[in-house]
Amino acid sequence: MPLSTQSQDDEEHYVLVASLDNARNLSNILKITMSPSQPYFRLSTFGNSGNAHYDYSKDSDMMELFQCTMTQTNRYKMSLLKPSTKALALSCKVSVRTDNRGLLSQQYLVRNDDGQICFLEFYCCPDEEVEEE
């Protein structure tokens, strides 16, 4: 069952489309720093405790679908991403997308106690760097 209900034409304006078949894999990978020779998708964290980078190649076992048309770098405030972590823990499939402006879309497939499937979506705008005049 496809995670996204959008048509292929709707996806053309996204710079990155990635789909994971198991959200727990992403969680486990974030706990250990696999380094493929050519990173295609990188998650990075920066803070007072240090920096960490997690690289995923497009042919990784974790990637079900990977579409990327250009290199893009975006920053997001952790305080804005934190509400989505509960959905990540409950999900069995995750879709991550960004558009050319950096708008981050996270879509989680979750099965409730009755076995019914529901989708949770979170959107986050990138952190804008303010230029000093």
Side-chain angles (χ1 to χ4, degrees):
M1 170 191 285
L3 181 60
S4 175
T5 57
Q6 295 179 332
S7 71
Q8 184 93 13
D9 293 335
D10 291 340
E11 295 179 353
E12 289 181 7
H13 67 278
Y14 288 108
V15 175
L16 167 74
V17 177
S19 178
L20 302 174
D21 65 344
N22 189 336
R24 283 173 181 64
N25 287 341
L26 177 61
S27 178
N28 290 336
I29 291 294
L30 292 176
K31 293 178 186 173
I32 59 171
T33 312
M34 70 184 252
S35 297
S37 59
Q38 294 182 317
Y40 288 94
F41 180 64
R42 172 177 273 185
L43 296 174
S44 300
T45 61
F46 304 92
N48 295 334
S49 300
N51 303 334
H53 303 284
Y54 307 98
D55 297 332
Y56 306 92
S57 64
K58 68 179 184 179
D59 55 357
S60 166
D61 290 340
M62 292 181 47
M63 292 289 179
E64 183 177 288
L65 172 68
F66 185 94
Q67 296 173 333
C68 186
T69 59
M70 61 186 261
T71 300
Q72 183 172 336
T73 302
N74 300 301
R75 290 181 177 219
Y76 305 93
K77 292 185 186 254
M78 190 59 194
S79 61
L80 298 176
L81 294 175
K82 192 173 182 180
S84 69
T85 58
K86 287 185 180 182
L88 176 63
L90 297 172
S91 65
C92 51
K93 205 170 198 181
V94 178
S95 174
V96 179
R97 300 169 185 248
T98 61
D99 66 9
N100 59 352
R101 297 169 298 167
L103 178 68
L104 178 67
S105 167
Q106 303 167 44
Q107 188 179 57
Y108 301 94
L109 183 147
V110 177
R111 291 186 192 274
N112 67 14
D113 294 336
D114 297 333
Q116 293 179 325
I117 294 174
C118 61
F119 294 94
L120 303 171
E121 290 187 277
F122 293 87
Y123 295 93
C124 186
C125 291
D127 193 19
E128 295 183 19
E129 294 184 23
V130 179
E131 294 182 22
E132 295 182 20
E133 295 183 21

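If you're wondering where the values come from, they're calculated on a predicted model, not measured in any experiment.
Listed by chain and residue number, Asp99 satisfy the salt bridge (Lys or Arg N to Asp or Glu O under 4.0 Å) test with Arg101 (two or more places apart in sequence, or in another chain). Contacts of Asn112 classified as side chain to side chain contact (heavy atoms under 4.5 Å, CB included), with partners at least two apart in sequence or in another chain: Asp114, Gln116. Contacts of Leu120 classified as side chain to side chain contact (heavy atoms under 4.5 Å, CB included), with partners at least two apart in sequence or in another chain: Ala87, Tyr108, Val110, Phe122.
Pairing each heavy atom of Pro126 with each of Gly102, the nearest pair is CD-O, 3.5 Å. Across every non-hydrogen atom of Leu88 and Ser91, the tightest pair is O-OG, 3.0 Å. Taking both residues in full, the closest heavy atoms of Ser57 and Asp59 are given as OG-OD1, 2.8 Å, listed atom of the first, atom of the second, then distance. Nearest heavy-atom pair, Gly115 versus Arg111, reported as atom, atom and distance to 0.1 Å: O-NH1, 3.9 Å. Across every non-hydrogen atom of Leu103 and Cys124, the tightest pair is CD1-O, 3.6 Å. Across all their heavy atoms, Asn74 and Gln72 have their closest contact at ND2-NE2, 2.9 Å.
A chain of hydrophobic side-chain contacts below 4.5 Å, direct or via other Ile, Leu, Val, Met, Phe, Trp or Tyr residues, connects Val94 to Leu90. Under the 4.5 Å side-chain heavy-atom criterion for grouping Ile, Leu, Val, Met, Phe, Trp and Tyr, Tyr76 is connected to Met78 within one hydrophobic cluster.
Side-chain atoms of Tyr40 and Met63, non-hydrogen and from C-beta on, never get closer than 4.5 Å to each other. Contact of the Leu109 side chain with the Phe119 side chain is registered, since non-hydrogen atoms from C-beta on lie closer than 4.5 Å.
Gln107 contributes atom CD, which lies 10.5 Å from atom NZ of Lys93 (distance to the nearest 0.5 angstrom). Here the straight-line distance linking atom CE of Met70 with atom SG of Cys68 works out to 8.5 Å at 0.5 Å rounding.
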